[in-house]
Number of protein chains: 2
Amino acid sequence: MNQPLPHYQRLKAFVTGEIEAGRLRPGDRIPSELDLIKRFGVSRMTANRALRELEQAGAVTRVQGVGSFVASRKTEQAMFEINNIAEAVRAGGQAYGCRVIRLAAEADPAMAAFMGLAPGERYGRAVLLHLADGVPVQHEDRCANLAFAPDFLTQDFTRVTPYDHLMSLGPLQAAEQVFEADLPGADLARLLQVTASLPCIVLRRRTWSLNMVASAARITAPSSRYRFSGVTGTVPPAGLGLPRL
Amino acid sequence: MNQPLPHYQRLKAFVTGEIEAGRLRPGDRIPSELDLIKRFGVSRMTANRALRELEQAGAVTRVQGVGSFVASRKTEQAMFEINNIAEAVRAGGQAYGCRVIRLAAEADPAMAAFMGLAPGERYGRAVLLHLADGVPVQHEDRCANLAFAPDFLTQDFTRVTPYDHLMSLGPLQAAEQVFEADLPGADLARLLQVTASLPCIVLRRRTWSLNMVASAARITAPSSRYRFSGVTGTVPPAGLGLPRL
DNA sequence: TGACATGACATGTATATACATGATCGGATC
DNA sequence: GATCCGATCATGTATATACATGTCATGTCA
């Protein structure tokens, strides 16, 4: 029925498997072409193709004369930085915190339709406030497809962000995003501890995984405390030294 | 000094050149591996690599037993919809217009550095106001690398948007984008014909082409009149019927 | 006319081989 | 001790060859 995988695909799967299992970490040296030849009994061209395609896919970095290494970050960057707010806060040297405002199963028909569910079908909803050094930086109103994330409502979001939990359940397939600017409104302004006249950036996002809508989120951030950024494509080497935006 | 391009790169450049020149259009059949072998005197593996990489890059579609064809549309969609504002306005059934506020060569050192130019090197700057049915929808402050776009300052931007002009000069390689929310300030509010207290969404973008910074832009849009949206990845078929965000 | 066989063509994968280029490390030489 | 040289390893590119798989047009036979 299903024919055997091509050799080069097996080699790719082997390497990516080692990476995903954590046995190879970013920066680690991965097996050289010669290693793969001896281990799998393939020709060098086949090993070369496997590693070359992994490089093109951004999973590994190759340096002539030196070797091949696990690349630092991966697919997510292609998705316009589906940002892990906890990681972003910590990267800035601040302490990350999270306050759960609301966590429940809901069934608003409009939202159900938006998520591709049957009218009235229940989904998980989490309203969170993300803090950096105790100061609110993001308000997150997230709806999760319980068919995709059945344990969503029993997660401790002060320890694992919704992003982390959802990403652990399946590969990100697609993301739809809309950026808007808006005033926070009285309730949000109070939660975010800003004046109601401070512009906030609003990101509405819907993500697909395993061929279904995995979750939808509305993220509001005071413009003075957070901004969304991303790079798509490959910036040429000369671009690396440029001052950042 | 600069060594000759590898053969497979030459083949790729040949095919992409035919596409960009318009001699090969989406859906057209492109030269088969055998054609390339005869035309360039290379081995089949080399031709195969060239076409295979073009397929991975999304430029062509290959069908076993049939042939290779120019893919329908491409890179742009992966770049978080580097939007052609004129097209977007017309797609909404409104009349597009553009008012040129300023068009000159400038040499601000900070901006030069930001664009990867030598300190004091001149670049083209265009400040534009995009209109939909006569109403301002976007303010665009764009700086273009004159090494990339030598004719930038002689363009008639009421007829060809900076985006169109720049895209015609080389393939988009990478894009860096930052989204923020802000108040427009007195000058911008007057130009955009909005009150100074209306939040605007600000997009700062830098794009690379031909291994250099092609242009940098700051785009400001009143949130009530425009918003930025995009899809990355492949939305599953079932997702197409969902109500849009 | 319809079903089937066949050959031409195109891509998909795999191997063995070759030479080039870049990095690194050790040892020999000055 | 500093420098140069060469061996070794790793990746980069290129070729000739082979067989497999898939599509399509054509021609043959019932």
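Lettering of chains follows the sequences in order, A, B, ..., and the numbering in each one begins at 1. All values reported here derive from a predicted model rather than from experimental measurement. Side-chain atoms are counted along with the backbone in the values below, which use heavy atoms only and exclude waters and symmetry mates.
- With sequence neighbours excluded, no residue forms a salt bridge (Lys or Arg N to Asp or Glu O under 4.0 Å) with A/R218.
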Base-contact (B) and sugar-phosphate-only (S) positions in nucleotides 5-15 of chain D, heavy-atom cut-off under 4.0 Å, - elsewhere: -----BBBBBB
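- B/Y8 is linked by a side-chain hydrogen bond (donor to acceptor under 3.5 Å, both in side chains) to B/R49, counting only residues two or more places apart in sequence or in another chain.
- Checked against ring-ring contact (aromatic ring centres under 6.0 Å, His included), B/F69 has no partners two or more places apart in sequence or in another chain.
- Every residue meeting the salt bridge (Lys or Arg N to Asp or Glu O under 4.0 Å) condition with B/R125, not counting sequence neighbours, appears here in chain and number order: B/E106, B/D141.
- Partners of B/E140 under the side-chain hydrogen bond (donor to acceptor under 3.5 Å, both in side chains) rule, at least two apart in sequence or in another chain, are B/H130, B/R142.
- Pair assignment for D/dA30: C/dT1, on the basis of Watson-Crick or G-U wobble contacts that are both within less than 3.5 Å.
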